[in-house]
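Below is one structure, written out as structure tokens, with a few remarks after it.
Order of the sequence lines fixes the chain letters, A, B, ..., with proteins taken first and strands second; residue numbering starts at 1 for each chain.
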Protein chains: 2
Amino acid sequence: MNISEAARQAGLPAKTIRYYEDIGLVTPPRDPNGYRAFRPRDLHALTFVARARSLGFTIGECRALLHLYQDPTRASADVKEIARRHLGRIDAKLAELAALRATLTDLVDACAGDQRPDCPILKGLAATA
Amino acid sequence: MNISEAARQAGLPAKTIRYYEDIGLVTPPRDPNGYRAFRPRDLHALTFVARARSLGFTIGECRALLHLYQDPTRASADVKEIARRHLGRIDAKLAELAALRATLTDLVDACAGDQRPDCPILKGLAATA
DNA sequence: TATGGGGCTTCCCGTGACAGGAAGGTCAAG
DNA sequence: CTTGACCTTCCTGTCACGGGAAGCCCCATA
């Protein structure tokens, strides 16, 4: 299977797949003409990584998860630990964004949004405190 | 005022201030020895940008906000529009993260997290659907 | 006066996870 | 045989800086 078909099935841009090969996430063999020849298991790995990425796992985590995925002697505790850590990051990010949203909402609500120059948003941003 | 003192007062790394000068956000004059000499208004601009960045505005938005900040004939509507757009991005990001969190929480909860290889997280990631 | 230790400067490379595009080889159809 | 779609590698750019090297500059102390 050529790269464009692999890309279609995995739901990834061909560019991304080449990048994943560069960093060693997949290692498809080559046809005599130099084209990448994706095997079913390469496609599985790509699909796996695509889904993990879409859940926000970093490439490093994807690599670790992929290793575990391909290791029949894995312990589910190792997988869970990676996911739990990622969940912690998500929660932290959510809290941060919620705080930003609150501050920004206050500023936006206080601003008349008309043709006059007076603007609580700018005042808030300029505040030294 | 030298860069380290400006950095201290603005709450920014000196590296970041040099970068902001590179991209034209601030233009402090130079002392005869080549050192940057930050004036009060340079410091105001730096503080302004630092706060805007901490609220998640992009550099481009900070530039626009700074222009408006320094323009006495501005309309607060222009400021509000930038902030409103940013708020929209934050809301989108919050929704996305909440969805990720839900999916990931389900997977993590379903995983025993023991020494056995059976793992719903990996199964979920491998799922074609 | 020498010297030592900061602080300042520019310049270049690296980050994460790719995207865009150039230059050129390959393949199947007409 | 040509055309056009596909494939390859390689280089550059993204965003907002951070790290570090090489080399001035300034001030205090011996």
Round to a whole Å and report the spacing from [atom1] of [X] to [atom2] of [N].
X: B:R30; N: D:dC24; atom1: CZ; atom2: P; result: 17 Å
X: A:E5; N: D:dC7; atom1: CD; atom2: C1'; result: 15 Å
X: B:L25; N: D:dA16; atom1: CG; atom2: C1'; result: 11 Å
X: A:N2; N: C:dG25; atom1: CG; atom2: P; result: 19 Å
X: A:I17; N: C:dA19; atom1: CD1; atom2: C1'; result: 14 Å
X: B:M1; N: C:dG7; atom1: CE; atom2: P; result: 16 Å
X: B:R89; N: D:dC15; atom1: CZ; atom2: P; result: 12 Å
X: B:D22; N: C:dC12; atom1: CG; atom2: P; result: 12 Å

Original post:
Which one, D:dC7, D:dT9, C:dC8, comes nearest to the side chain of A:Y35?
Top reply: D:dC7

Original post:
From the list C:dA17, C:dT10, D:dT9, which nucleotide is the closest neighbour of the side chain of A:T58?
Top reply: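 Selected nucleotide (nearest to the side chain): C:dA17.
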
**OP:** Between B:F57 and B:K15, just flag the one whose closest nucleotide in DNA chain D comes earlier from the 5' side.
**Re:** B:F57

What I want to check is whether the side chains of [X] and [Y] have a donor and an acceptor closer together than 3.5 Å.
X: A:S76; Y: B:D118; answer: no
X: A:T73; Y: A:D71; answer: yes
X: B:H86; Y: B:R89; answer: yes

Is there a side-chain polar atom (N or O) of [X] under 4.0 Å from OP1 or OP2 of [N]?
X: B:R63; N: D:dC15; answer: no
X: A:N33; N: D:dC7; answer: no
X: B:T16; N: D:dA16; answer: no
X: A:Y20; N: C:dA17; answer: no
X: B:S4; N: C:dC8; answer: yes
X: B:R36; N: C:dT10; answer: yes

**OP:** Mind listing the closest non-hydrogen atom pair of B:Q70 and B:A45 along with its distance?
**Re:**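 The pair with the smallest heavy-atom distance is NE2-CB, 4.2 Å.
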
Original post:
Touch check for B:R53, heavy atoms < 4.0 angstrom, all strands: base, sugar-phosphate only, or nothing?
Top reply: sugar-phosphate

**OP:** Classify the nucleic acid contact of A:I3 as base, sugar-phosphate or nothing, counting any heavy atom under 4.0 Å across all strands shown.
**Re:**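 Sugar-phosphate: the residue A:I3, judged by heavy atoms under 4.0 Å, touches backbone atoms but no base.
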
Subject >> Distance-only donor-acceptor test, A:Y19 side-chain atoms vs C:dG16 base atoms, 3.5 Å >> reply: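 There is none.
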
Subject >> Short side-chain to backbone donor-acceptor contact, A:E61 and A:T58, under 3.5 Å >> reply: yes

